[in-house]
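Working notes, beginning with the structure itself.
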Amino acid sequence: MEKQKKALAEVQLEKLSECPVCKGSDFTASLTCKDYTYSQVDFSLVDCKSCGFKFTNPRPTASTIGNYYQSEDYVSHSDTQEGLVNKLYHLVRTYTLQKKLQLIFKLRGRVKKQGKTTLLDIGCGTGAFLSTCVKAGFEGRGIEPDTNARAFAQNNYGLQVDEEAALELFSAGQFDVISLWHVLEHVPDLDSRMKKIKHLLAERGHLIIAVPNCDSYDANYYGKFWAAYDVPRHLYHFTPATLAELAKRHQFKLEQVLPMVFDSFYVSMLSEQYKNGKSNFIGAIWRGFLSNLKAIKTGKQYSSQIYILRHES
Ligand SMILES: [Zn+2]
């Protein structure tokens with residue numbers, strides 16, 4: 001507790017005067033959300049008046065936001081399979097890893113290219129997805145800022161994973177596929193990161209971005225208790241419209257939007273906990289189910305979505 005207090009006292013806040021997507025400077029106040037998982041501190045969200053982009057403002061500076069991340073014990077995490085929830089978690093994880101791999105095979109199938117597919121997974125965490133791709137024959141590299149997660153990926157899977165500074169060392173057009181699975185909402189300098197990604201992506205290459213959708217049914221239902229606001233770690237709160245705007249501004253073609261159907265259940269479970277102070281398994285399953293059902297009707301408002309962007313020169 002003392003350690004946490006000290007870490008939080010060191011945090012510095014910055015107030016953005018420009019919208020990270022369109023550079024507009026007029027914002028309206030949106031929700032105020034609490035950091036339920038770590039500090040219990042409140043953070044405000046604002047909406048850009050010009051493009052509608054919702055973001056956390058003020059927010060911790062890039063050099064101090066690390067104090068809002070708890071370092072986790074990855075070894076025990078990934079090894080435990082006890083209990084129903086853990087068993088379910090592992091089943092879902094195995095299934096979704098295979099689905100992600102199939103997706104990349106499908107995307108690459110449309111591009112006739114000789115040789116191995118080169119993939120960069122930014123924010124690869126402990127490397128489960130990257131390792132699946134490497135085993136399937138891709139030439140995969142990872143970027144991960146967390147020291148412990150990076151070490152786990154290197155030691156456990158033998159993967160090539162570097163810190164963020166390595167992004168500067170890759171060459172132009174080096175990668176056929178760049179993926180960010182629930183990562184872009186954490187990146188402090190959105191504009192320069194998008195430019196860097198564009199630079200590293202081969203022509204006709206694919207950029208895969210998975211992010212929560214704050215226009216989903218579960219986001220609207222839970223409001224400020226919606227777990228995927230996850231302030232202050234989530235700096236941005238995308239919708240299909242604002243993600244499309246970001247893609248357009250960086251000259252990417254938005255090729256496809258795909259659902260992540262398990263996220264509504266997971267997010268609803270956490271949101272129930274935040275809203276009521278206790279878990280509500282049945283209620284969460286029901287909300288998660290309703291969210292997917294409504295999204296099937298609208299076609300693009302799932303709790304979390306995968307956006308497939310194409311490099312257009
Ligand atoms: Zn804007």
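Just so you know, these numbers use all the heavy atoms, side chains as well, and skip hydrogens, waters and symmetry mates. Whatever order the structure lists ligands and atoms in, that order sets their numbers, starting from 1.
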For this session: For the pair Asp176 (side chain) and Thr118 (backbone), establish whether a donor and an acceptor sit closer than 3.5 Å, ignoring hydrogens and angles.
Result: yes

Problem set entry | His237 and Tyr229 aromatic centres sub-6.0 Å | yes

Problem set entry | Pairing residues for Arg233 by the salt bridge (Lys or Arg N to Asp or Glu O under 4.0 Å) criterion, not counting sequence neighbours | Asp35, Asp230

Exercise. Taking the Zn ion (ligand 1) as the center, what protein N, O or S atoms are found at less than 2.8 Å?
Worked result: Cys19 SG, Cys22 SG, Cys48 SG, Cys51 SG

Distance-only check: which donor-acceptor pairs under 3.5 Å involve side-chain atoms of residues 280-293, not counting sequence neighbours?
unit_1, atom_1, unit_2, atom_2, d
Asn280, OD1, Gly283, N, 2.9
Asn280, ND2, Glu272, OE1, 3.2
Arg287, NE, Tyr221, OH, 3.4
Arg287, NH1, Tyr217, OH, 2.6
Arg287, NH2, Tyr221, OH, 3.4
Ser291, OG, Asp218, OD1, 2.7
Asn292, ND2, Val261, O, 3.0
Asn292, ND2, Ser264, OG, 3.4

Exercise. Are the charged groups of Lys6 and Glu2 less than 4.0 angstrom apart, N to O?
Worked result: no

Problem set entry | Partner residues of Asn155 under the side-chain hydrogen bond (donor to acceptor under 3.5 Å, both in side chains) criterion, sequence neighbours left out | none

